[in-house]
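One structure is given below, encoded as structure tokens.
Start at 1 with the first residue, then count along the sequence. Note that the structure is predicted; figures quoted are calculated from it, not measured. Start at 1 and go down the list; that is how both ligands and their atoms are numbered.
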Amino acid sequence: MILTGATLATLTGDQPYGLIADGALVLRDGLIDWVGPAAALPKDARGARHDLGGRLVTPALIDCHSHLVHGGNRAQEFEMRLQGASYEDIARAGGGILSTVTATRQASDSTLLDAALPRLDALMAEGVAVVEVKSGYGLDIETELKMLRVARKLAQLRPMRIVTTFLGAHAIPPEFKGRADDYLTDICLPALSRAHAEGLVDQVDGFCEGIAFTPAQIARVFDAARALGLPVKLHAEQLSHLGGTELACQYGALSADHVEYATKADAAAMAQSGTVAVLLPGAFYALRETQMPPIAAFRAHNVPMAVATDLNPGTSPLNSLLLAMNMACTQFRLTPEEALRGTTLHAARALGLHDCGQLAPGLRADLAIWNVGHPAELSYRIGFNPLSQRIFGGAF
Ligand code: DI6
Ligand code: FE
């Protein structure tokens, strides 16, 4: 297929957005075969031609941090917070993550799937082609496996790539209260082995926080991941500075996520280890956090910044990656170009993917075609979806 009459945000080269004003693309066998100015389109290029009438083409978007599969919702907790309770108060009172654990344990596979599909469809309608989905609301072996099987199933039911993440170290379940290490030994690590043996795990995550796991405990999970040859990432420095980012960097983590309380030293360590900073403005917004992630330090050290929804029922019931881009600009002062790189190229890197996230020959033909003239418009509007069409694997 040949696409002409396109404004291309290739995100390659040194120009802003890698912009090509009157561009063309040749797609073949699910990949981008050629990309450049229409005037340079190879004469022998063959295929069905589509004139895009000047529309903007970007790489399809990538949501690199989500908890899209989960049971129930937490509208009541939302209400409690508005009556004055903090996230930590609610967690310590057995609410928060644990109420979603109960709902997820009780849900059947098909109930989880039926709840997840509309969330996935909403992302797909925004031109998203890759979604990362975490476990972590089971905290027992069977439910962790159930969540990951449902996540895998999503990719069979929709034209979407799903990257699965084992997040057994998300919270300490009530039956192991005060015995986090026993939970890791008896449940989390065996669950990881079984999930890996079933081919259900692409990467391993943890929650390093006062209300969750210490760096030493996370290191046990990372050691197990390393033994299985799985890449790691970490929810780090979200509510306090515990040293999770430094630990993640020691393990060569793909990403450190949230990172509001990360320091300049953390940013330097991330640059060294090639770890992506995944910014989650939905959680920052929903928790009314005031501690800003160290954006200037990330820029100074050239730490790639990704932007994701963190779509979860507690701290980020945000089902729009476009809105996450807007929030990253307004709250964290990212530029619209940084926000777009954050949901394409840098999001791909946060998932260890090198075959998507830019418009370049040899990469997957996963594209978003937008009814806008300039890429800044994608981050500028609040709550409006300008997608015209999505191309996945070279097909509309
Ligand atoms: N950090 C978060 O923001 C979510 N998980 C995590 O580790 C919150 C999960 C929840 O409250 O359900
Ligand atoms: Fe999260």
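Distances below 4.0 Å separate heavy atoms of H235 from the following atoms of ligand 1: 1 (N), 6 (C), 7 (O). Every atom of ligand 1 is numbered from 1 in the order shown, and the set under 4.0 Å from a heavy atom of I97 is 9 (C), 10 (C), 11 (O), 12 (O). When each atom of ligand 1 is checked for a heavy atom of Y137 under 4.0 Å away, the hits are 9 (C), 10 (C), 12 (O). Using a 4.0 Å cut-off to heavy atoms of T315, the atoms of ligand 1 that qualify are 2 (C), 3 (O), 4 (C), 8 (C), 11 (O). Close contacts between ligand 1 and Q238 involve ligand atoms 1 (N), 2 (C), 3 (O) [criterion: under 4.0 Å to a heavy atom]. Counting atoms of ligand 1 from 1 in the listed order, those under 4.0 Å from a heavy atom of H258 are 1 (N), 2 (C), 3 (O).
Only the side chain of N312 comes within contact range of ligand 1, with a heavy atom under 4.0 Å; no backbone atom does.
When hydrogens are left out, the protein atom nearest atom 5 (N) of ligand 1 is H170 NE2, 2.8 Å; that is the closest non-hydrogen contact. The nearest heavy-atom contact from the protein to atom 11 (O) of ligand 1 is R74 NH2, 2.7 Å.
Taking both residues in full, the closest heavy atoms of L254 and L351 are given as CD1-C, 3.9 Å, listed atom of the first, atom of the second, then distance. Across every non-hydrogen atom of D22 and G5, the tightest pair is OD1-CA, 4.1 Å.
Looking only at distances, a side-chain donor or acceptor of T10 sits under 3.5 Å from a matching main-chain atom of G18.
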task: Applying ring-ring contact (aromatic ring centres under 6.0 Å, His included), run through F207 and H235 and close with a yes or a no.
output: CA-CA 5 Å; F207 188 20; H235 286 69; 5.7 Å; yes
Verdict with reasoning, E209 to S240, per side-chain hydrogen bond (donor to acceptor under 3.5 Å, both in side chains): CA-CA 7 Å; E209 194 55 66; S240 61; 2.5 Å; yes
message: Between E377 and R381, is the salt bridge (charged side-chain N to carboxylate O under 4.0 Å, His left out) condition met? List the steps.
response: CA-CA 6 Å; E377 291 181 54; R381 290 198 183 80; 3.3 Å; yes
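Of all N/O/S atoms in H235, NE2 sits nearest the Fe ion (ligand 2). Residue H67 approaches the Fe ion (ligand 2) most closely through its N/O/S atom NE2.
Not a single heavy atom of E209 sits under 4.0 Å from any atom of ligand 1. The closest approach between H70 and ligand 1 stays at or above 4.0 Å for every heavy atom of the residue. Put simply, part of D310 is less than 4.0 Å from ligand 1, judged by heavy atoms.
Stacking of R364 on the aromatic ring of F392 is recorded, both the 6.0 Å distance cut-off and the 45° axial limit being met.
Between the side chains of S86 and R81, not a single donor N or O lies within less than 3.5 Å of an accepting N or O. For T309 and D63, the side-chain atoms include at least one donor-acceptor pair closer than 3.5 Å.
Among the backbone and side-chain atoms of H258, none of the N, O or S atoms lies under 2.8 Å from the Fe ion (ligand 2). At a cut-off of 2.8 Å, D310 coordinates the Fe ion (ligand 2) through an N, O or S atom.
Classification of the Y137-H67 ring pair by plane angle, with boundaries at 30° and 60°, yields tilted.
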